[in-house]
Every structure is written in structure tokens, then in C-alpha cells.
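Naming: A, B, ... by sequence-line order, numbering from 1 per chain.
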Number of protein chains: 2
Amino acid sequence: MSEWMRIGELAGRAGVTLRTIRHYERLGLLPKGEREGNGQHYYPEASIARLEKIDQLKRLGLTLEEVSGVIDLYFSDPSRRSAKRKVLSILRQHLSQTDEKITALTKFRSDLQAHIDRFDQWLNDS
Amino acid sequence: MSEWMRIGELAGRAGVTLRTIRHYERLGLLPKGEREGNGQHYYPEASIARLEKIDQLKRLGLTLEEVSGVIDLYFSDPSRRSAKRKVLSILRQHLSQTDEKITALTKFRSDLQAHIDRFDQWLNDS
DNA sequence: CTTAAACATGACGTTAACGTAACGTTTTAG
DNA sequence: CTAAAACGTTACGTTAACGTCATGTTTAAG
């Protein structure tokens, strides 16, 4: 509906608390937006997507500090070639880190499976 | 060499600090072992494997409390059928949780890849 | 216009997983 | 035997990511 929303609506639609939003603002994770002299903050729709991306990165195990180091890469639209290259290299680092995590988890999965098989065997033997 | 080691050696061989070991002891994650009246603690080789397993579970994102809830499953040798079944069901829960994590990470990976491809395209266009 | 709901700001509280300092024994190298 | 290294115990400190007041202002409903 409206172009701009206040913090309460943003929190509700993004599924976070007011405190979280203010926390992220202080960490520079989320841009603010004051309006007129009233003191209240108004946010654009884009803030929702940003909060959701932050949550996604968090669930992947990144700390807020790490998130703040890369969050802009997902929303910025760098025009200079050098900026593009930089973004690309960081994204590639992320990719390989992700691959490592997946590998570790996969190994853990197979360990688990082995354990389960062993117990199953035992159960049938006894 | 020796059957029993003191805390310093255990820490060194397991790659953790003394503080960590004591912390885990208080949480019940690692069994103690006093000896004679001298007050010092002596640990068996098995403690190393236990610390390593704890570390592995931690790296998978489990909290110490969660770890303490399952760590025994990896070392106990339940003799009763009912115990075996219980262990099995918990291990299976772990397996499905692990699968979920892998799925989430895989999706993230493909998102990342898409991002990278888009940037690559851009770079070639410009 | 009045009052409750929403918002702003500041500050103290909380949990997890140890770090680090302080201080007194025990073990060990020389 | 003596000094240094290792150990035990207690207790306060630290970081992350917010939660939870407390208090004052702004907005919105009736």
C-alpha cells in the first residue's frame, strides 16, 4: 500500500523485533530513514528483503559482523568494473566456504549413517 | 605410553585449553578422574576421542547443551534392546536434521552461484 | 481533545562458552 | 633440596545478539 512504513510494520512483516531492527541499524546492517522533524523513522519495502537476507546469512552460521561485511554485495549495483571484480571475488570466497561446510556436513552424515547401521546390525543380532 | 595422563597432556593432545576441559567437566560433558589424595586429575586415552567428538558436534552448530544430550550415544554400548532402540531413534533424528542443513546449504550455494553468474555476465557485457 | 498505542532513546540484564587473573598446592627438573 | 612448571579452585571479565525495563514523545482512535 504505502510507500513507506514505520518500524512496527517493518518488524511485523520481516518477522523480527523492534529491538533487532535498532540493533542492526547501529551495526550499520540496515540503513535508517528519519522523516521530517518528528523523530520517527520510515522504511522502504526494500528493508524487508534486507532483513530477510540477513536472517538467511545468520542461519548459515555467519555472525552479524560477517554479515555486515558482505550484505551490501547482495543489493548494490556496482557500476565500475573494479567494484564488480571485487564483489565477484568475495562471492567466490563465499562459494568455496559454503562448499567446505557442505563437505563437512556430508562427512558427518555418513558417520551418522554408519553408526546407525552398526546399531541396526546389533539389534538384529541380539 | 602411560595409561593415564594429566590435564595438561590431555589438553595438548586434544587441541583444547585447560579451561575448556574444566568447563566441560562441570557441564557433565567429560567425566573426571581424581587419583589418590593429591587432588590431581588423571584421564584415560578415551578422553581425547571424546573431546574430539565434542568439537565435531560443535562445529556442526550444536550448543554444548545439545551436545551433552547426545554425546553419550557415541560412546555408550547399551546392552538392553530398549536402550538400543532409543539410541537409534535419536540418531535418526540427527540424521534428518543433518539432511535439512545440507539442503539449506545447497540451496544457498545455488543462490550464490546464480549471483556470481549474473555478475560474470555483467562483466562481459560492459 | 483525550487517551491508548506506537515510537525514540538510554541503559541495564541475559546466555553461551570460555578467557584471564589471583592464589595456594604438587610435581618435576637440576 | 630448591626453584620452576604444572595443577586445583574461585571468581571476575568478555563477546555476541539481542531482551527488558524506564521514561518521554508522537500518532491514531473515539
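- Interatomic distance, OG1 of A/Thr98 versus CG of A/Leu91, reported as 10.0 Å (0.5 Å rounding).
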Grab the N/O contacts between the protein and nucleotides 28-30 of chain D below 3.5 Å, and write none if there aren't any.
none

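- Rounded to whole Å, the separation between the P atoms of D/dT9 and C/dA16 comes to 23 Å.
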Hey, can you pull the donor-acceptor pairs under 3.5 Å for the side chains in residues 47-58 of chain A, sequence neighbours left out?
residue: A/Ser47; atom: OG; partner: A/Pro44; partner atom: O; Å: 3.4
residue: A/Arg50; atom: NE; partner: A/Leu29; partner atom: O; Å: 2.9
residue: A/Arg50; atom: NH1; partner: A/Asp72; partner atom: OD1; Å: 3.4
residue: A/Arg50; atom: NH2; partner: A/Leu29; partner atom: O; Å: 3.2
residue: A/Arg50; atom: NH2; partner: A/Asp72; partner atom: OD1; Å: 2.9
residue: A/Lys53; atom: NZ; partner: A/Gln56; partner atom: OE1; Å: 3.1
residue: A/Asp55; atom: OD2; partner: A/Arg59; partner atom: NH1; Å: 2.7

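- Sorted by first and then second residue, the ring-ring contact (aromatic ring centres under 6.0 Å, His included) pairs with a member in residues 23-57 of chain B form an empty list; sequence neighbours excluded.
- Taking atom CG of residue B/Asp55 and atom P of nucleotide C/dA17, one finds them 13 Å apart after rounding to whole Å.
- The nearest whole Å value for the distance from the CD1 atom in B/Ile21 to the P atom in D/dG8 is 10 Å.
- One interatomic measurement links the two molecules: CG of B/Leu51 to P of C/dA17, which rounds to 15 Å at whole-angstrom precision.
- Here B/Tyr24 does not reach the OP1 or OP2 of C/dA17: none of its side-chain N or O atoms lies under 4.0 Å away.
- Residues satisfying the side-chain contact (heavy atoms from CB on, under 4.5 Å) test with A/Thr63, not counting sequence neighbours, are A/Glu65, A/Glu66.
- Closest approach of A/Leu18 to A/Ile7, counting heavy atoms only: CD2-O, 3.8 Å.
- Between the C1' atom of D/dG8 and the CZ atom of B/Arg22 lies a distance of 6 Å, rounded to the nearest Å.
- Remark: P of C/dG10 and NE2 of A/His23 are 16 Å apart, rounded to the nearest angstrom.
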Mind running side chain to side chain contact (heavy atoms under 4.5 Å, CB included) on A/Lys101 and B/Lys101 for me, showing each step along the way? CA-CA 10 Å; A/Lys101 282 188 188 177; B/Lys101 283 188 188 177; over 6 Å; no

Which donor-acceptor pairs under 3.5 Å do side chains of residues 111-120 of chain A form with protein atoms, sequence neighbours excluded?
residue: A/Asp111; atom: OD2; partner: A/Lys107; partner atom: NZ; Å: 3.3
residue: A/Gln113; atom: OE1; partner: A/Arg109; partner atom: NH2; Å: 3.2
residue: A/Gln113; atom: NE2; partner: A/Asp117; partner atom: OD1; Å: 3.3
residue: A/Asp120; atom: OD2; partner: B/Arg92; partner atom: NH2; Å: 3.1

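- The side-chain hydrogen bond (donor to acceptor under 3.5 Å, both in side chains) search around B/Thr20 returns B/Thr17, not counting sequence neighbours.
- Heavy-atom minimum distance, A/Met5 versus A/Glu45: CE-CA, 3.7 Å.
- B/Ile102 CD1 to B/Glu100 CD: the interatomic distance, rounded to the nearest 0.5 Å, is 11.0 Å.
- A/Ser110 is linked by a side-chain contact (heavy atoms from CB on, under 4.5 Å) to nothing, counting only residues two or more places apart in sequence or in another chain.
- In this structure, A/Gln40 and B/Lys58 both approach DNA chain C, and ranking their closest nucleotides by distance from the 5' end singles out A/Gln40.
- B/Tyr42 comes within 4.0 angstrom of no nucleic acid atom, judged by non-hydrogen atoms across all strands.
- In this structure, A/Glu9 places its CD atom 13 Å from C1' of C/dA6, rounding to the nearest Å.
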Report, one pair per line, the protein and nucleotides 10-16 of chain D atoms (nitrogen or oxygen only) whose separation is under 3.5 Å.
none

Given the rule that a pair is Watson-Crick or G-U wobble with both distances under 3.5 Å, how would you write DNA chain D in dot-bracket, using | for pairs to a different strand? ||||||||||||||..||||||||||||||

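- At D/dG19, one or more side-chain N or O atoms of A/Thr17 fall inside 4.0 Å of OP1 or OP2 (strictly under the cut-off).
- Distance, A/Glu66 CD to D/dA17 C1': 14 Å, rounded to whole Å.
- Using a 4.0 Å cut-off, some side-chain N or O of B/His41 falls inside it from OP1 or OP2 of D/dT9.
- Sorted pairs that involve residues 87-111 of chain B and meet ring-ring contact (aromatic ring centres under 6.0 Å, His included), not counting sequence neighbours, are lacking altogether.
- Side-chain N/O atoms of A/Asn38 include one lying less than 4.0 angstrom from OP1 or OP2 on D/dT27.
- In this structure, the CG atom of A/Leu29 is 11 Å from the C1' atom of D/dA17, given to the nearest Å.
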